[in-house]
Amino acid sequence: MNLTMMGIDFVHAPLKERERVSFVRGQVQALLPQLAKMPGVAGCVLLATCNRTELYLHGEDGVSLDPLAMLARAAGFDAAVFRGLSVTRTGDTCVQHLMAVAAGLESQIFGDDQILTQVRDAAALAREAQTMDSVLDTLFRRAVTAGKRVRTEVRLTGVPASAATAGVRRAQDFFGALEGRRAVVIGNGEMGRRAAEALRAQGCAVTVTLRSYHHGETIVPAGCDTFPYDRRCEVLEGADLAVSATTSPHFTLTARQVSALRQPPRLLLDLAMPRDIEQAAGEDARVTLYNLDDLGDLDDSHSAAAKQAAARILDEAQAEFYRWHAYRQALPVIAQIKDTALGRLHFDHAYDDLYRDGDMDGLMELAVGKTVDLLLGGMKELVDAGRLEACLAHMRKGSGR
């Protein structure tokens, strides 16, 4: 199984380097066909999130692939810069890693409840781009299913886990309490909405900035006020904290804009990748700036027992994937067995006699008996009563007997 992946994540690369290889949806859609056309590639999936960029490849038999070099060629960056900031996994370790990622076990915020959706979306984009082959498709489906089981069956964390909730907990630590604080959230995507909802739940007065508003289409968290994005600096004046979480390629808040405020927010939370708030804004003595790499894992409630329970679920999912792959690998041999068995039957004189007599029941009995004998005769050392009983149970289940 020629599986390989390359990852540039928060473990191996600092934020300023991850920014250089972060891709939004449209960029992923453009990169996938380029990657799929490269020699030796049977299928590819590109997972791009706030904390990781990972390229998964299924290669043709006997072909050695360098996913970092391939992504660098397609995206136009220097692979040499990221050799020491990335990790490559192959075969079993590739499968294990994806399963753990989908379950939130490899997230910067342990148990991150957004990563499962991000893995599922990455797979969906690859299917849309027609770069997903059957091996990667089955692997990602198994990983998503396993991730769902972990989320529903195992309590990994004591609170909902995401960068948004971790940022709000960081704000609680900073202020002591958020009740009555005034917060501004720049960005009304999923991350922005989550942050706004979490701040409201802690008693903040929240204003969400919007680029435009369409009644019935724009979703604003309950209890939040809105304000035009283009006038965001007005609403930032005198606020206690500001959160920015957009997919904008440009800064939503610059150092110059912060310094121009008479009373800037004491706390700035940047939950975007690439960053929304210019790093120099944090040099203003009146403010404190946190970005994704400052959030860490603030919840230490996950236990060894929970991790073990999650690991058991992932082990089962991996075993199911390997069984599927083993059967897939056996399909050409199964086809040859069918052809060989049919050929042997045609040379059997009893078969000819029954055919001339029109004895269809006899033909069926002879064909089944001979085929079973031929199959089991080649597997005498592997066959035992237990395996045969399991096979018989499966046959009876299929027939309803």
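For this chain, numbers begin at 1 and follow the sequence in order.
Side-chain contact between V144 and R141 is absent, with no heavy atoms from C-beta onward closer than 4.5 Å. The shortest distance between side-chain heavy atoms of T165 and V168 does not fall below 4.5 Å. At a threshold of 4.5 Å between non-hydrogen side-chain atoms, the residues L35 and L55 count as touching. Taking 4.5 Å as the limit, every side-chain heavy atom of R18 sits out of range of all side-chain heavy atoms of T53. Counting only heavy atoms from C-beta outward, the side chains of W324 and S134 approach each other to under 4.5 Å. L199 places a side-chain heavy atom less than 4.5 Å from the side chain of V243. With a 4.5 Å cut-off on side-chain heavy atoms, Q279 and K16 do not count as touching. Two residues are said to be in side-chain contact when any heavy atoms from C-beta on lie closer than 4.5 Å; L139 and M99 meet this criterion.
In this structure, F251 CZ and I277 CD1 are separated by 10.0 Å, a value rounded to the nearest 0.5 Å. The CG atom of L32 sits 4.5 Å away from the OG1 atom of T131 when rounded to the nearest 0.5 Å. We find the CD1-SG distance between I219 and C224 to be 13.0 Å, quoted to the nearest 0.5 Å. Note that OG1 of T254 and CD of Q257 are 3.5 Å apart. Values are rounded to the nearest 0.5 Å. Atom CE of M273 is separated from atom CE of M191 by 10.5 Å, given to the nearest 0.5 angstrom. Distance check, rounded to the nearest 0.5 Å: CD1 of I115 to CZ of R151 gives 11.0 Å.
By the side-chain contact (heavy atoms from CB on, under 4.5 Å) test, R262 is found to be paired with E237, residues two or more places apart in sequence or in another chain being considered. Not counting sequence neighbours, the partners of E19 by the side chain to side chain donor-acceptor pair (under 3.5 Å) test are R275. For Y229, there are no ring pair (Phe, Tyr, Trp, His ring centres under 6.0 Å) partners two or more places apart in sequence or in a different chain. Considering only residues two or more places apart in sequence or on other chains, A122 meets the side-chain contact (heavy atoms from CB on, under 4.5 Å) condition with V45, L47.
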For a side chain to side chain contact (heavy atoms under 4.5 Å, CB included) check, start with the C-alpha distance between L268 and V258, then their side-chain angles and the critical distance, and finish with the verdict. CA-CA 10 Å; L268 303 176; V258 172; 4.2 Å; yes
Test log, rule side chain to side chain contact (heavy atoms under 4.5 Å, CB included), inputs Q29 and L125: CA-CA 7 Å; Q29 289 174 315; L125 279 180; 3.7 Å; yes
From CA spacing to verdict: side chain to side chain contact (heavy atoms under 4.5 Å, CB included), S248, R211: CA-CA 12 Å; S248 172; R211 290 184 183 274; 4.2 Å; yes
Pair F227-V184, side chain to side chain contact (heavy atoms under 4.5 Å, CB included): steps then yes or no: CA-CA 9 Å; F227 202 82; V184 176; over 6 Å; no
Step-by-step salt bridge (charged side-chain N to carboxylate O under 4.0 Å, His left out) determination, E190 to R193: CA-CA 5 Å; E190 182 181 3; R193 289 195 298 272; over 6 Å; no
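Contact record, V235 with T209: CG1-CG2, 4.4 Å, taken as the closest heavy-atom pair. In this structure, V150 and A103 approach most closely via the heavy-atom pair CG2-CB, 4.0 Å. Contact record, L261 with P265: CD1-CD, 4.1 Å, taken as the closest heavy-atom pair. Among all heavy-atom pairs drawn from T49 and Q118, the shortest one is CG2-OE1, 3.4 Å. Here the closest non-hydrogen pair linking V208 and G187 is CG1-O, 4.2 Å. Smallest separation of non-hydrogen atoms from A281 and V287: O-CG2, 3.3 Å.
Looking at D240, its side chain does come within 3.5 Å of a backbone N or O of R182 through a donor-acceptor pair. Side-chain atoms of S259 come within 3.5 Å of backbone atoms of R256 as a donor-acceptor pair (strictly under, hydrogens ignored). Without hydrogens or angle criteria, T207 side chain to D225 main chain gives no donor-acceptor distance under 3.5 Å.
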Sequence neighbours excluded and cut-off under 3.5 Å, please list the side-chain donor-acceptor pairs for residues 75-83, or say none.
residue : atom : partner : partner atom : Å
D78     : OD1  : A80     : N            : 3.1
R83     : NH1  : D66     : OD1          : 3.3
R83     : NH2  : D66     : OD1          : 3.4
R83     : NH2  : D66     : OD2          : 2.6

Distance-only check: which donor-acceptor pairs under 3.5 Å involve side-chain atoms of residues 1-13, not counting sequence neighbours?
residue : atom : partner : partner atom : Å
N2      : ND2  : E60     : O            : 2.9
N2      : ND2  : V63     : O            : 2.6
T4      : OG1  : R89     : O            : 3.3
D9      : OD1  : V11     : N            : 3.0
D9      : OD1  : H12     : N            : 3.2
D9      : OD1  : H12     : ND1          : 2.8

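A salt bridge between D294 and R170 is absent, with no side-chain N of the basic residue lying under 4.0 Å from a carboxylate O of the acidic one. Checked for salt-bridge contact, R169 and D173 miss the test: no charged N lies under 4.0 Å from a carboxylate O. With salt bridges taken as basic N to acidic carboxylate O contacts below 4.0 Å, none links E197 and R200. A salt bridge links E234 with R231: at least one charged nitrogen is closer than 4.0 Å to a carboxylate oxygen. Between E106 and R52, no side-chain nitrogen of the basic residue sits less than 4.0 Å from a carboxylate oxygen of the acidic one, so the salt-bridge criterion is not met. We find that R25 and D121 are not joined by a salt bridge, their nearest charged nitrogen and carboxylate oxygen being 4.0 Å or further apart.
One side chain, Y56 or E54, offers a donor N or O that lies under 3.5 Å from an acceptor on the other. Of the N and O atoms on the side chains of T246 and D276, at least one donor lies less than 3.5 Å from an acceptor on the other residue. A donor and an acceptor atom, one from each side chain of S244 and T252, are located under 3.5 Å apart.
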